[in-house]
Amino acid sequence: MVLEGRMNRIVEKKQLSDTVFSVAVEAPLIASERLPGQFVMLQVSESGERIPLTIADVNPSKGTITLIFQAVGKTTIMLSRLAVGESIMHLVGPLGNPTHIEKVGTVVCVGGGIGIAPLYPIAKAMKEAGNRLICILGARTKPLLILENEMRAVADEMIVCTDDGSYGRKALVTAPLQEICERTTKPDLVVVIGPPIMMKFCSETTRPFQVKTLVSLNTIMIDGTGMCGGCRVTVGGETKFVCVDGPEFDGHKVDFDNMMLRLGAYREHEADANGRCRLETAVPVKQG
Amino acid sequence: MNSRDGLDKNAKQLLAEIVARREPMKAKDRMAIPPQEMPCQPASERIRNFNEVALGYTVEQARVEAERCLQCKNAPCVEGCPVRIRIPQFIKAIAEQDFAKAIGIIKENSLLPAICGRVCPQEVQCQDPCTLGKSLKNVDKAVSIGRLERFVSDWERDNAQAATPVIKPETGRKVAVVGSGPAGLTVAADLRREGHAVTIFEAFHKPGGVMVYGIPEFRLPKSIVRFEIEMLKAMGVEVRTDFVVGRTRKLADLLGKDGFDAAFIGIGAGLPRFMEIAGEDLVGVYSSNEYLTRTNLMKAYDRENVDTPIMHSRKVAVLGGGNVAMDAARTARRLGAREVQIVYRRTETEMPARVEEIHHAKEEGIVFNVLQNPKRIIGDERGRVKAMECLRYELGAPDKSGRPRPVEIKGSEFLVEVDTVIVSIGNESNPLIKKTTPAIQTNQWGNITVDERCKTSMDGVYAGGDIVLGAATVILAMGQGRTAARAINEYLSEN
């Protein structure tokens, strides 16, 4: 077992859409320990922020992990600019509780936008555990739809929606989810990963049917190991830390409204950093 | 308050008088020497920077202070020190201007004197029973043992006098040290000296534990912690950062598959406690761990150059009365908050913080609101903190901790306008090792249970520091580290 210094080198890079990237990173220790549902904390520069990203895929024999992310903020933009061969300065994991994978019968996996990336390994594992797998993928518009083929390969039934109707069914994911819950045989488990508002409404959709619903939360994190409480959410009236008690929780018990409020804590700062980051690279520096 | 130059000038004069004496000083002469003040950055200046507040004794100040020691036969100070440093001997060496000898004596027992000299609560340890202080009926007039310890360790570092310790012949045994705080660093140093191969595993991207994420730069410059870690590396200790034992690799695998013969767990008390009152989930409520980690470890105070954000707070309330509460309050002040208050449900007498920190906090304009505690935190329509509803308290009979129990005064509610609340009421044990290592026994609070040699319920696995004691001090962690290292060394020779 290799305990030599990891280099966190990027060995493969793909652009899945305008703002969505996939990188395979050399991280043999993380690759060998990682289970579906877990995440890493990473830092791209010494002065950069620590951010969490779910591990979308893993290749233990090659010793690599795959991270799929949307370049929306300063750190993810900088990450998207790293080339093959370059390293991610700091990478630590695998963190968080792995998803509880079990054969329960019929599992519906609902992915919204970039949430499809962390959903994929869970869907795959649920299928491998012997469940009947229904996948619902949603995105605002066709270019933002990712991993369609990969999901189709594991799904027994697949529904694709876009908000604007540019691909698949013109609908929000809650519509097909509702229809599936209304079937004579309800699903046994629903797993939802996507923007907080989407996870909230999907949980509200399944609530009247009393279908167990798991959500994977993506709060702001600083350390990722449970020592600061920055990622705290209220679940069933209790304070839980997403990084060590989660990242998955019962969607019917999560206080999504508070979670969304807390996610906005540094909005002004983020907008400012984003602006500066784009400006720095957009404006060429005149030499001489 | 005198400037460093002014204090130095006075010290030079005193020293000249002492040196000029033809006869050795008697106890009453020593008692008459004024205690040497620690030169500090003036409060108005230091609230605008994160530089160290206490500037350190000058050579003459140290020599004068050393002359105050009565060299009494009993030496109660030694008993008061958790690691039993031969205090009168090192002080005598300072008086004799043999600073190398002084630091050598300290390092027989303490491996982190530059740190302990700064952060130890000397007023309840070595300085509390000091004969001089007792004779003068004032603990503040005890020999400034901590300041002298700091002086010689800084001297050693600044004059490049620190020699890499001698390592015994390689034993071929490997020890895994989990956590790079004071306990872990101490175990690593001691075991490496015995010739064992040591690897420190640190979850964060920078080693040092609470000394880098918790204690602010203005109390403990990080260059000092880095120096100690470089010394360990020079000794041949391997430091693996970004490695969370229990997640990146299970402890059992390190021992069973990766060739480690023994392990030490020094993961600290890193799980913040919250008040569990309404409004604690509002934007603007921080645990002190989060506030300090953003500021100290991630350097959020450097708003120009660093990405990690921290709120632009104007009115801050820090809940708690320990060193961490003082650190959080003083950090908030330096980050630009105009009003910073400590809110504490008992009185100042019961506050566990170091006397020096309370004193410095007050000088920096931090208001101490005692016999108060918040009932709930109130937010605005955007979910941001705008006020706290507090209750007044009075002191009743002692509780389990031995301190007077704070009793609510019914109907005494009042509102305090704040935009930030920093909860600094203590930390519990981080549950990660326990969760991922079922064989390790813990108590109901998650502290790892150990015997008097710091051995856990797992063979070959030892633990020490805050994970065993609950949130405590650097020196207690170091003391347990030494105990554990001795036990591990014996264990390795027997197995």
Side-chain angles (χ1 to χ4, degrees), chain A residues 1 3 5-6 8 29-30 32-34 38 41-50 73-75 78 89-97 220 222-234 238-239 241 244-245 255 257-266 268-270 272-273 277, chain B residues 199 203-206 213 238 240-244 246-250 253-254 257-259 267-274 276 280-294 297-300 302-303 305-312 379 382-384 423 427 430-432 435:
Chain A
M1 122 101 226
L3 268 196
R6 304 142 291 129
N8 306 330
L29 289 174
I30 303 177
S32 69
E33 290 289 327
R34 170 266 186 197
Q38 292 188 300
M41 290 294 287
L42 61 91
Q43 203 176 334
V44 176
S45 68
E46 212 50 62
S47 63
E49 260 192 286
R50 287 168 65 94
K74 184 168 179 193
T75 307
M78 286 173 69
M89 185 171 279
H90 296 296
L91 187 69
V92 60
L95 303 173
N97 292 310
I220 293 173
I222 301 89
D223 67 293
T225 57
M227 60 77 78
C228 85
C231 64
R232 66 189 183 280
V233 290
T234 308
E238 290 181 349
T239 301
F241 293 178
V244 292
D245 299 316
D255 180 348
D257 291 335
N258 177 255
M259 181 194 159
M260 288 188 280
L261 273 174
R262 288 179 61 78
L263 267 170
Y266 300 101
E268 293 96 39
H269 178 105
E270 285 161 9
D272 182 49
C277 174
Chain B
T199 301
F204 269 136
H205 54 289
K206 288 190 179 143
Y213 76 72
E238 189 192 5
R240 302 282 306 271
T241 53
D242 292 325
F243 198 117
V244 181
R247 287 277 181 227
T248 311
R249 195 76 175 144
K250 306 266 183 311
D253 290 338
L254 286 176
K257 296 181 186 169
D258 302 336
I267 59 171
L271 187 73
R273 209 177 274 156
F274 283 96
E276 300 192 25
E280 242 173 350
D281 52 5
L282 293 167
V283 172
V285 181
Y286 287 94
S287 70
S288 49
N289 268 5
E290 183 186 349
Y291 199 75
L292 293 171
T293 298
R294 281 180 183 270
L297 182 71
M298 306 306 294
K299 306 244 176 291
D302 185 359
R303 292 196 161 106
N305 299 307
V306 159
D307 291 345
T308 300
I310 191 131
M311 262 188 73
H312 280 273
R382 290 189 306 152
R384 291 174 183 238
V423 184
N427 284 305
N430 191 289
L432 216 48
K435 196 195 272 223

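Each chain gets a letter, A, B and so on, in the order the sequences are listed, and its residues count up from 1.
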Minimum side-chain heavy-atom gap A/Met41-B/Val244 below 4.5 Å:
no
Are any non-hydrogen side-chain atoms of A/Glu33 and B/Arg249 less than 4.5 angstrom apart?
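Yes, their side chains come closer than 4.5 Å.
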Heavy-atom pair count under 4.5 Å with chain B, highest-scoring of A/Gly224, A/Pro94, A/Gly264
A/Pro94
Could you have a look at A/Asp257, A/Thr75, A/Thr234, A/Asn97 and say which one has the most heavy-atom pairs with chain B under 4.5 angstrom?
A/Asn97
Given the options [options], which has more heavy-atom pairs under 4.5 Å with chain A than any of the others?
options                                : answer
B/Ser287, B/Gly383, B/Gly270, B/Pro309 : B/Pro309
B/Arg384, B/Met311, B/Lys299, B/Arg303 : B/Arg384
B/Lys250, B/Arg294, B/Lys206           : B/Arg294

Positive for side-chain contact (heavy atoms from CB on, under 4.5 Å) with B/Glu290, one of A/Ile222, A/Ile220, A/Asp223:
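Exactly one candidate clears the test, A/Ile222.
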For A/Met227, which of B/Asn289, B/Leu271, B/Leu432, B/Ile267 qualifies under side-chain contact (heavy atoms from CB on, under 4.5 Å)?
B/Asn289
Contact origin within A/Gln43 toward chain B - heavy atom pairs under 4.5 Å:
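Looking at A/Gln43, just its side chain touches chain B.
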For A/Glu238, is it the side chain, the backbone, both or neither that has a heavy atom under 4.5 Å from a heavy atom of chain B?
neither
Under 3.5 Å, is there a donor-acceptor pair between the side chain of [X] and the main chain of [Y]?
X        : Y        : answer
B/Asn305 : A/Ser47  : no
A/His269 : B/Thr308 : no
A/Arg232 : B/Glu280 : yes

Could you tell me which portion of [X] (side chain, backbone, both or neither) has an atom closer than 4.5 angstrom to a non-hydrogen atom of chain A?
X        : value
B/Asp253 : side chain
B/Tyr213 : side chain
B/Val423 : neither
B/Leu297 : neither
B/Leu282 : backbone

[X] versus [Y], closest heavy-atom pair with distance:
X        : Y        : answer
B/Pro272 : A/Gly226 : CD-O, 3.6 Å
B/Asp307 : A/Lys74  : OD1-NZ, 2.8 Å
B/Val285 : A/Arg262 : O-NH1, 4.4 Å

Aromatic ring pairing B/Phe274/A/Phe241, orientation class (parallel under 30°, perpendicular over 60°, tilted between)
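Answer is perpendicular, since the angle exceeds 60°.
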For the atom pair CZ (A/Arg50) and CZ (B/Phe204), what is the distance rounded to the nearest 0.5 Å?
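Those atoms lie 5.5 Å apart.
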